[in-house]
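Everything numeric here is computed off the predicted structure, so don't read it as measured data. Whatever order the structure lists them in is the order used to number ligands and atoms, beginning at 1. Hydrogens, waters and symmetry mates play no part in the numbers below; they use all other heavy atoms, side chains included.
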Amino acid sequence: MGGFSIPVIIGSTRRGRQTPRAARFVHGRLKSRDPVESALLDLREYDFPIMEERLRRRDDPPPGLAGFSRHIADGDALVIVSPEYNSGYPGVLKNALDYLLPEYRRKPVGIVTVSAGSLGGASCLAQLRQVILSLGALPIPAKLPVTRVGSSFGEDGEPTDPAYEKRADTFIDELLWYTEALSTQRAGDER
Ligand SMILES: Cc1cc2nc3c(=O)[nH]c(=O)nc-3n(C[C@H](O)[C@H](O)[C@H](O)COP(=O)(O)O)c2cc1C
């Protein structure tokens, strides 16, 4: 297996948000896999304005957007850690995803859904999968729902429930399988 780059998007910008706990955890597990490198892309830090036009049609891109695009374009896969809001994904996440398009093409996407209760964000997962297909990427079949995020993880991303370690490792195994398979195929596209 060659070296893979797999950025992780934190899809929550809410004041007092809990999603970074789960994102830090998944990011740490991903980085522990040799030879994976991973950047944590925090939408709160990017603070993108409402999308007026996609990056490739802008000659005045908002600050940070070119760098965000490069992370996704150079990535072999993508992980999105998204809270469930009103049975869907947050608007801020859709806004950021909509800025780009060719950057996602034929890449696998692992989705981690985060909820404060016991349901784990199943509706958010279904909706995000649909969006990802429209972006030309492939949502992987494996899922990693996070329930009761505030008590399941510390702020540093350390799980209080050790079951998450095995779940995350299975999820990452699957993601890496698709990452390797699709990057081999994409290399063939470019020849
Ligand atoms: C506007 C809003 C809507 C929400 N809707 C849902 C929901 O539909 N289902 C759910 O399980 N949790 C819902 N939650 C709770 C979030 O899942 C919870 O806040 C969790 O900590 C993850 O989001 P966070 O990163 O904003 O903390 C909602 C939270 C907010 C702020």
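- At a 4.0 Å heavy-atom cut-off, ligand 1 touches Ala116 through backbone and side chain alike.
- With respect to atom 8 (O) of ligand 1, the closest heavy atom belonging to the protein is Ser87 N, 2.9 Å.
- Protein heavy atom in closest approach to atom 19 (O) of ligand 1: Arg14 NH2, 3.8 Å.
- Protein heavy atom in closest approach to atom 26 (O) of ligand 1: Tyr85 OH, 2.4 Å.
- Electrostatic pairing of Asp169 and Arg29 counts as a salt bridge here, judged by a charged N lying under 4.0 Å from a carboxylate O.
- No donor-acceptor distance shorter than 3.5 angstrom exists from the side chain of Lys107 to the backbone of Leu78, with no hydrogens or angles considered.
- Taking 4.0 Å as the cut-off between side-chain N and carboxylate O, Asp189 and Arg106 count as a salt-bridged pair.
- If you look at Leu119 next to ligand 1, there are no close heavy atoms at all, none under 4.0 Å.
- The atoms of ligand 1 that sit less than 4.0 Å from any heavy atom of Val149 are 21 (O).
- In this model, a donor atom of one side chain and an acceptor atom of the other lie less than 3.5 Å apart for Glu103 and Ser69.
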* To do: For side-chain hydrogen bond (donor to acceptor under 3.5 Å, both in side chains), just list the numbers for Ser115 and Tyr85, CA-CA rounded to whole Å, side-chain angles, deciding distance to a tenth of an Å, and then say yes or no.
  => CA-CA 9 Å; Ser115 73; Tyr85 286 171; over 6 Å; no
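- Counting protein heavy atoms only, atom 11 (O) of ligand 1 is closest to Ser115 CB, 3.2 Å.
- Between Gln18 and ligand 1, at least one pair of N/O atoms sits closer than 3.5 Å.
- In terms of modelled atom types and a separation under 3.5 Å, the side chain of Asn95 and the main chain of Met51 share a donor-acceptor contact.
- Other residues, nucleotides and ligands place no more than 12 heavy atoms under 6.0 Å from the CZ atom of Arg70.
- Nearest protein heavy-atom contact of atom 23 (O) of ligand 1 is Pro83 CB, 3.1 Å.
- Note that the OG1 atom of Thr13 and the CG atom of Asp42 stand 8.5 Å from one another [nearest 0.5 Å].
- For Gly117, the closest heavy-atom approach to ligand 1 does not fall below 4.0 Å.
- With ligand atoms numbered from 1 in the order given, ligand 1 contributes 24 (P), 25 (O), 26 (O) to contacts under 4.0 Å with heavy atoms of Ser12.
- In terms of protein heavy-atom proximity, atom 13 (C) of ligand 1 is closest to Glu84 O, 3.0 Å.
- Closest heavy-atom approach to atom 1 (C) of ligand 1 within the set Thr13, Asn86, Thr19, Thr147: this belongs to Asn86.
- No hydrogens or angles considered: nothing links the side chains of Tyr89 and Ser123 as a donor-acceptor pair under 3.5 Å.
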